[in-house]
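Worth saying up front: this structure is predicted, and the values here are computed from it rather than measured.
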Amino acid sequence: MMFDSLSGFPLEDPIYVFTLALAAFLVGPLLIKRLGQPGIVGIVLLGVLIGPDGTGLVAHGDAIELLGTVGLVYLLFTVGLELNLRGFFRAPENAAVFGLTSFFLPLTVGVFVCTSVLGFDFWPALLLSAVFASHTLLAYPIVNRYDVTQNDAVTAVFGGILFTDTLALTLLAIVLGVADGGGLSPLLIGQVFSSLILLFATVWLVVPPIARWFFYNLSDESYFEFLFVLVFVFASASLAEILGIDGILGAFVAGVAFNRLIPQGSTLMNRIEFVGNAFFIPFFLLHVGMLVNVGVILDGPQTLQIATVIIATMIGTKFVAAWTVGELLDFDRTERGVMFGLSSGQAAAALAITILGVEAGLFGAAELNAVVLMLLVTALVSPWITERYSRRLAVSDDADPEREDAVDPRILLPLPPDSENRRDLLEFGFLLRDESGTNPIHLLSVVRPSWSGDTESNVEEVESQLRDLAEFAYAAEAPLEIETRVNHNVASGIARGALETRSDHVIMGWNPSKTFGEKVFGSIIDQVLDWTTLPVSVTHFGHPVNTTGHLRVIVPRSIDHHDGFYEGVYKVKRLADKLGVPITVYVFEEQTNRYQQLFDFVEIDVSAEFETVSGWDDLQSELRDVTESNDLVVTLSSRVGGVGWDDELEALPNRLVELPSRSFVVFYLREGEPDYDSQFLRID
């Protein structure tokens, strides 16, 4: 090796190794992205370069192996965490058909090809076929950019990954069991499946209730939430090891268990992604790269032969699977193209299964190098195909990716100096905004002038409090601006702030203990409702909003005739979609079909059940019986005297706060803009 003659190489000092590793994490993705490749490829290639079979600059020591193993566990956790369960539950039958077809077709053909063409034994052939039978959504940013993520074909792929990855990891457990035990037997099959059932049942029954309790009671410091999640992830991985299956399956199951408790775009999700992408996962990729032996590729045709065969088999079978399922589910040619592009991407699960196959002795250097070459090819093919067909799908669906105001509202969040549940209010704002949007949330505090001359110091104190809260938002990478106003009338300051910031949604918190002398909520909130026509969400949270398990939506009589009705339905659907929870809609009419049709007219596909109530007392009785401690009740309401107003709405907040969850949102609809709602409707 070229550095063998130099004193001190390979490097083993932790400081030097860590410095070079961090440099690789920084430089690798920056360089490789200029060539149109995903950043993970750059880290793997630099691992090859500095590893023992490259320049020999860095020793592949215990520290790299330890952090690489931790990164592997973390990687599979993020795979489970980022699964699109909402896409699965929208149309589980489509997801099941596509997931099972796109897994078993490549698997079956792959085993035949690997055994007959490459001469593999059955079990290595089965595991290698499981590698490319799964898929990773490398091209997700493309379909998101073209605003076609709600298309049925796209959601089938999103939901299908739940089947492909779970099946691939299950096969991994069986094959590793065979490798350890010497053969397949009914006892082994029984042990593996009983271990899987015990793992799934334990994690799914234990994690969600404990997590909800922790987030509700002990999450004052946000890093506690992150540490809590890590403890349960590695505890799940440890449980899997105890049960005789690989720890990555436990991490994957933990990710699925946390899936609905950690919304996309939340501060906690951002911290998980940040730490994983910046530290843990890169160490796994570096570990993989250092295992790659370039000399094996140069010494003979074996690696290139294996790579060519598995790439051709994977792409061919994924193409057939997409076209077959598309024909069965009546998707057009463009939709089938998007399905093929999305499902042909390979990354996380493929690398994870391969590395464990190498450690178990089922794969050698040639197979590992072949899989790395496959990743390079699919990193080019998957985005290119997805880009081509997503553009066509966007045009055919009349999708409008520039519809920024509809999907990314400019939110004003007024906060009094003594406001409670500030973080819940901000998290609620995160849920309503678009994750990739650029419109900031405006944090506003209105300070009354002081007769004693302390106004300036009061403003400074308020701004300091807002800056502390802003740090929480910055951790979620959400754009945020701080606004302060000095005004004798707080409501007037809020109304003017909404105009000056060009906001189109106001979120306000309500404290029932401080409500007196008011029409509904109190003088400030009621005055804001009187002085602005914008939609206003009045909130009260009895539990952290991210732990919500069910949305219960109240639709008063005739509210569907209100100008802002469809926008209100859109916000409800967005909330349910972000939280990944079901909706139950309560209507005051015997026939629910009409309201179901009205909800279906609005963009975003989420499942909703509709129930009829005879009156407000019946509604209160029903909610008292069925509402659980983590439910959120949302009411669509007009202003006092407006279309859809009912005098019972005045007493509703005090009724809702008596429910077990004590959490509700009263969404006051936009006034006076009858044409505004059209942007939220489906265009056929």
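Here the side chains of Arg655 and Glu648 are in contact, with some heavy-atom distance below 4.5 Å. Val157 has its side chain out of reach of Val154: every pair of non-hydrogen atoms, C-beta onward, lies at least 4.5 Å apart. A 4.5 Å side-chain heavy-atom check between Glu611 and Glu622 finds at least one atom pair inside the cut-off. Using a 4.5 Å heavy-atom threshold, the side chains of Asp647 and Trp645 count as touching. Taking 4.5 Å as the limit, every side-chain heavy atom of Asp617 sits out of range of all side-chain heavy atoms of Ser621.
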Next item on the list: Test Tyr595 against Phe610 for ring pair (Phe, Tyr, Trp, His ring centres under 6.0 Å), laying out the working first.
Entry: CA-CA 8 Å; Tyr595 277 95; Phe610 290 77; 7.6 Å; no
Margin query: Assess the residue pair His543 and Ser629 against the criterion (side chain to side chain donor-acceptor pair (under 3.5 Å)); give the C-alpha distance rounded to whole Å, side-chain angles, the decisive distance to 0.1 Å, and a yes or no.
Written below: CA-CA 8 Å; His543 68 273; Ser629 59; over 6 Å; no
Margin query: Using ring pair (Phe, Tyr, Trp, His ring centres under 6.0 Å), reason through His505 and Phe667 one step at a time and then give a plain yes or no.
Written below: CA-CA 10 Å; His505 193 120; Phe667 184 75; 5.4 Å; yes
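In this structure a side-chain-to-backbone donor-acceptor pair under 3.5 Å is present from Arg639 to Leu669. Proximity of a side-chain donor or acceptor of Ser638 to a complementary backbone N or O of Val643 within less than 3.5 Å is detected. A distance-only check finds no donor-acceptor pair linking the side chain of Thr533 to the backbone of Arg670 [under 3.5 Å]. Under a 3.5 Å cut-off, the side chain of Thr584 and the backbone N or O of Arg552 do not form any donor-acceptor pair. Side-chain N or O atoms of Thr532 include one that pairs as donor or acceptor with a backbone N or O of Leu534 at under 3.5 Å. Between the side chain of Asn630 and the backbone N or O of Thr548 there is no donor-acceptor pair closer than 3.5 Å.
With no hydrogens or angles considered, a side-chain donor-acceptor pair links Ser503 and Thr501 at under 3.5 Å. Between Thr627 and Asp631, the side chains place no donor N or O within less than 3.5 Å of an acceptor N or O (distance only, hydrogens not considered).
Atom CZ of Phe232 is separated from atom CD1 of Ile210 by 4.0 Å, given to the nearest 0.5 angstrom.
Taking the six-membered ring where the residue is Trp, Phe664 and His540 present parallel rings, their angle staying beneath 30° rather than reaching 60°.
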